[in-house]
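Report on one structure; see the data block that follows.
Order of the sequence lines fixes the chain letters, A, B, ..., with proteins taken first and strands second; residue numbering starts at 1 for each chain. Since this is a predicted model, take the numbers as computed values, not measurements.
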2 protein chains.
Amino acid sequence: MRPPAPVILVDWGTTNRRATLVGPGGAVLGRVSDGLGVRSVPAGGFDEAVAGLRTALGDHPMLLAGMIGSARGWREAPYLACPVALDDLADAIVWVEPGRTGIVPGACVAAERGGPDVMRGEEVQVLGAVAAGAIPPDALVCHPGTHTKWMRVAGGRLAWFRTRMTGELFALLREHSLLAARLTGEAEDDADFRRGVRRALDGGDLLGDLFQIRVREVLKLDLGSPASFASGLLIGSDVASGIAAGPEGVVHVLGQPSLGALYAAALAEAGRQTLVHRDEPAFLRGMQALADRVLT
Amino acid sequence: MRPPAPVILVDWGTTNRRATLVGPGGAVLGRVSDGLGVRSVPAGGFDEAVAGLRTALGDHPMLLAGMIGSARGWREAPYLACPVALDDLADAIVWVEPGRTGIVPGACVAAERGGPDVMRGEEVQVLGAVAAGAIPPDALVCHPGTHTKWMRVAGGRLAWFRTRMTGELFALLREHSLLAARLTGEAEDDADFRRGVRRALDGGDLLGDLFQIRVREVLKLDLGSPASFASGLLIGSDVASGIAAGPEGVVHVLGQPSLGALYAAALAEAGRQTLVHRDEPAFLRGMQALADRVLT
């Protein structure tokens, strides 16, 4: 049986980290969320960065997941080959201090037609959402972001996934391309977004369709919302490939709500029903399930 | 009849310009090539920049084409709607000094399924290559570059075209993306380039296939030549869409030789024969044909 002591559960990414103090029954007792991502911690600085979390949240056992386990993180944790279950992650935790401070491994897929792939952090979220009953044991899951992950869950395990640079490419276009001056403002689920999605679903010519923003500017045609249109092209392209790789039926979108809503809209254009799940509770549920297994 | 006086023919782009003094019979008598593209000339500075060419090459009649005729150039010349012939370009030259200094118009296509499109400069090249007999009067032409243009020539006229951001996207990935550190070196027609092209021709998942470079780095797999692979994915994607829009048969590639060779290799993977033509002589041939019509 798990003792009633609280645990600190940490989602430590490239540019941000979020530590949550969770008490008996899953009650959230405290939180630290800041920009001290893996990229911002100097070499040799992780012991101190971790100690800072305990100073803030108390001297409790701690599990960490995400890029903290990568080569540029604190200690390198392995990538477990799919299919992966929560039990597999629990068994392969890399202990910095046994029973007290552990890093959760990532997941990988072996080379097949689309090639190999890797993830860190999303595997905890999706298996947490399955453990919570929010996502069924057999499902297609989309986790949108800088690097969007499309995942197949089978028999309650993470069976396969594929990463696309959808969010990163959008950021590159907004910040550095010839289109940058026209891609201000947020992408929204408006008529231009849907038009971009339909273009992408209807054959797809991403390199040409993006240039249409420039053409319309030069010809002084109505631009509408170029940011929404470009987002629609990219998310539509992502969705077209994503649903081609998965089973029929409801697509589960797991992530941050506003981006999740854009993916849900694109999936609706593709004729698919969606359920959108927030990523943070899924992460906590997965990490608690791991804590229950290893911190008893 | 055209007098035997020489003419200055100028290809003035966004980042470069090239002026050629051409004598009777097409003999090249002199050249100025520098980085004084339209973007580098301050507002109001074009008269001086043009005078500098005459100082270098002599006080001769001058025709200019390219971005010099855009809104950010010297004088705005129109975009002529396709189909466009050399006679149409000649009739619509915008004269800064009548009979002495003229700006050649660009070309545009009206909105159809893929949307409208615009070009400045390539229309002179392709019609010049047709006038020279290098490209037949009915052909599919690919003009690779930062913004690659695919053109249909019909009855000796530029009938339609479509622009893709192929080169710009490659530059964005090389300079600003997570992959940048792996995309050093030049793209070459090697096994990795061909692998990228085949991936693109065989279904196409550009956003996912590009991320494979990152995956292989993380998993410490053999990277091969990532720049060639990424170039193959992009050019392959461009070619897949490009040949879908044009007639069967030989594809004419018009451009700078090393990039033209990559497109020819990608087209060969797609089962298409190609003929590669250099852009500079095609431009001069087209401009001479215009000079013959208007500077007599």
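For B:S177, the parts lying under 4.5 angstrom from a heavy atom of chain A are both the backbone and the side chain. Proximity to chain B involves both the backbone and the side chain of A:L210, based on heavy atoms less than 4.5 angstrom apart. Contacts of B:L234 with chain A are made by both backbone and side-chain atoms, with heavy-atom separations under 4.5 Å. Of the atoms belonging to A:E217, not a single heavy atom falls under 4.5 Å from chain B. Heavy-atom distances place both the backbone and the side chain of A:T163 under 4.5 Å from chain B. In this structure, chain A has a heavy atom under 4.5 Å from the side chain of B:L169, while its backbone stays farther away.
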- Task: Starting from the C-alpha separation in whole Å, work towards a yes-or-no answer on side chain to side chain contact (heavy atoms under 4.5 Å, CB included) for A:M165 and B:L179.
- Result: CA-CA 10 Å; A:M165 298 179 66; B:L179 310 176; 3.9 Å; yes
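A distance of 7.0 Å separates CG in A:D205 from OG in B:S237, rounded to the nearest 0.5 Å. Interatomic distance, CD of B:Q212 versus CZ of A:R164, reported as 10.5 Å (0.5 Å rounding). The distance from the CG atom of B:L207 to the CZ atom of A:R162 is 9.5 Å, given to the nearest 0.5 Å. Separating the CZ atom in A:F211 from the OG1 atom in B:T166 is a distance of 10.5 Å, to the nearest 0.5 Å.
Heavy-atom pairs under 4.5 Å with chain B were tallied for A:L221, A:L219, A:D238; the largest tally goes to A:L219.
The shortest heavy-atom contact between A:L178 and B:E168 is N-OE2, 2.6 Å.
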